[in-house]
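Below: one structure, written as structure tokens.
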Protein chains: 2
Amino acid sequence: MDTLETRELRYFVAVAEELHFGRAADRLGMAQPPLSRAIQQLERRLGVCLLERDRRGVQLTGAGQVLLREGRVALDATAAAARRTRRASLADSAGSPRERLVIGVKAAASHDLLQRLLAAYAAEPDAAEIEVLAGGFAEQEEMLRDGRADVALLLVPFNSLAGFDSEELQTEGRIAVLPAAHPLATRTALSMADISDIPDLPLARWPRHGTYAPGPGPEVHDHTQLAQLIALGRTVAVVPASARTWLWHDHAAVPLTDAAPVVTHIAWPPHSRSLALAALIRTATRLTSATASNR
Amino acid sequence: MDTLETRELRYFVAVAEELHFGRAADRLGMAQPPLSRAIQQLERRLGVCLLERDRRGVQLTGAGQVLLREGRVALDATAAAARRTRRASLADSAGSPRERLVIGVKAAASHDLLQRLLAAYAAEPDAAEIEVLAGGFAEQEEMLRDGRADVALLLVPFNSLAGFDSEELQTEGRIAVLPAAHPLATRTALSMADISDIPDLPLARWPRHGTYAPGPGPEVHDHTQLAQLIALGRTVAVVPASARTWLWHDHAAVPLTDAAPVVTHIAWPPHSRSLALAALIRTATRLTSATASNR
DNA sequence: TTCTGCGATACCCGGCAGGTATCACCCCAG
DNA sequence: CTGGGGTGATACCTGCCGGGTATCGCAGAA
């Protein structure tokens, strides 16, 4: 009947993520009792039990999981509405001298592709200004959804193209980055099996959705940190071939024969109506002469 | 900074669609002054001028157009969150005996395809219950976005696949539906030029986004109405070949040689996680042995 | 001119969002 | 067994703000 308020969604998502009313209230900058009450009201209004209060913390019901997922999407969409509106206002109040595009990229990934793209686009007659917004691992999708970015380079299979329009740009293999001093560093090719179970060189673990998979390797959240650990001989990493850009002198890169290839796509929100964006996409696809994948 | 409330979005969308505070307030079931104030607050909070108040009605600024488009998406997303949460709750409170899927279709379009699909799916071992939700012209996209439907049959180029995952199902040509008594009815094929400028038989006009394009032909919003007008010899229509299903006795259908083909896709929201949905899609693609188009 | 229709302003009121204090409960530590 | 700490829920208060009515200011049409 009545429509969900974004405030309620924000509250619920906070609680659902923390699974703890106190911490959630803290994160929201409010006291715990009003938060409890708000969630109760939400449950009553929806006629749905969202949380299993079970004396020791809180758990999501099935419906709660659905609302968490859908609620995030909805919150991102409203945030995007606000952000894009503000940007549109700047554009047409300033007489729209040059449109401004924000491209979201994974820091240090597809670096040379990005460089070539920016160079080629800058050479276009009426190119917009481009701001590069570098982010963490799967953050690019979120940037597109919540309006921080107008367009992004997404790496499949690390990112998902779900919900976006996209064009394929390039495919690359993966390499193992080893300490230069390691015996395997002299090989000309390796398989995943070769490197996945070396006792003295455990595979580094990256965060997936904020949490780390269990395993022996060190937890890294940063290329610099990873690079240093490899240089110190503590770990090995599997990365896209284009990561050669940031290798250090005491790193060795060896191609992997059996790792799934990494495909870079340029992706944008499905209802975009910007000429500058269209031009950028055209430039990108021409640059790589790839085939259309998704419209 | 602060986040948009859905109430504000609802208000703004109403005003932006009506371009009239009084009518918008009426539609929202409230008085006009609070609505004016709410919009002003919204503009101040965003720091953006959304409307050009110009004494004779209201007009959208560029930023306003952006907010209208993005706001609709956001509102649909929150509505979808509420609806899908409620349905999930029903499912897991009832012990999820059989999942229930809602499929959105354009009334009377792809009828035999739908029939074959439902039959084939019902024969699956653990088929969910399927509810068919028939709607108007481009309404299927909205149904997917706001959660009324879990999956839909979309007809390209009438519908857009933007923002959904989809698989191609079938391609068909188009036919001209004429009064059986009309001279052209005896032809075995026609071109668009043949029928687009017949003085006594103007092409019927369908609503696009709620409004009708200008033209001489009658305005129709309903297949029955259209069928009757054709039977009465007042108009001619161009429809997908599968529309033969609903032809009357005094209709004549003639294939068109140069009309763009109509492609039926099965489409679903990008983050769907339902096994029943996956099974339905698999059934559909097997049924038609078409190739994947969009993932 | 006056009349009419539009959005904006002024002012009031009630509800609800948010705060503090406290409770009820369970799990552990001792 | 008992008390303390940590959980979410309840009670109660208060100020803000969303919404209503009455009215204004302004432009265009009669």
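Each chain gets a letter, A, B and so on, in the order its sequence line appears, and its residues count up from 1.
Counting heavy-atom neighbours within 6.0 Å of A:Arg234 CZ, excluding the residue itself, gives a total of 12 or less. The 12-atom threshold is not exceeded at CG of B:Leu275, counting heavy atoms of other residues, nucleotides or ligands nearer than 6.0 Å. By the neighbour-count criterion of 12 heavy atoms within 6.0 Å, atom CD of A:Gln225 is densely surrounded, having more than that number from other residues, nucleotides or ligands.
Distance CD (B:Glu5) to C1' (D:dC17): 13 Å, rounded to an integer number of Å. One atom, CG of A:Leu50, and another, P of D:dG8, lie 15 Å apart when rounded to the nearest Å. Rounded to whole angstrom, the span from the CD atom of A:Gln59 across to the C1' atom of D:dT7 amounts to 15 Å. Rounded to whole Å, atom C1' of C:dG7 lies 11 Å from atom CG of B:Leu51.
Using a 4.0 Å cut-off, some side-chain N or O of A:Arg53 falls inside it from OP1 or OP2 of D:dA9. Taking 4.0 angstrom as the limit, A:Arg37 places none of its side-chain polar atoms (N or O) nearer than this to OP1 or OP2 of C:dG18.
Remark: A:Gln40 in residues 39-49 of chain A come within less than 4.0 Å of DNA chain D through at least one heavy atom. Shown for residues 16-36 of chain B: residues whose heavy atoms fall under 4.0 angstrom of DNA chain C, namely B:His20, B:Phe21, B:Gly22, B:Gln32, B:Pro33, B:Ser36.
With a 4.5 Å cut-off on side-chain heavy atoms, B:Gln59 and B:Leu51 do not count as touching.
A donor N or O paired with an acceptor N or O is not found under 3.5 Å between the base of D:dG18 and the side-chain atoms of B:Arg7.
Using modelled atom types and a 3.5 Å distance limit, the side chains of B:Ser36 and B:Gln32 yield a donor-acceptor pair. Judged purely by distance below 3.5 Å, without hydrogens or angles, the side chains of A:Thr6 and B:Glu5 pair a donor atom with an acceptor atom.
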- request: I would like to know whether A:Arg87 and A:Asp150 meet salt bridge (charged side-chain N to carboxylate O under 4.0 Å, His left out); could you show each step before the answer?
  value: CA-CA 11 Å; A:Arg87 302 227 359 244; A:Asp150 303 302; 3.0 Å; yes
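Remark: side-chain polar atoms of A:Glu141 are paired, donor with acceptor, to backbone N or O of A:Ser160 under 3.5 angstrom.
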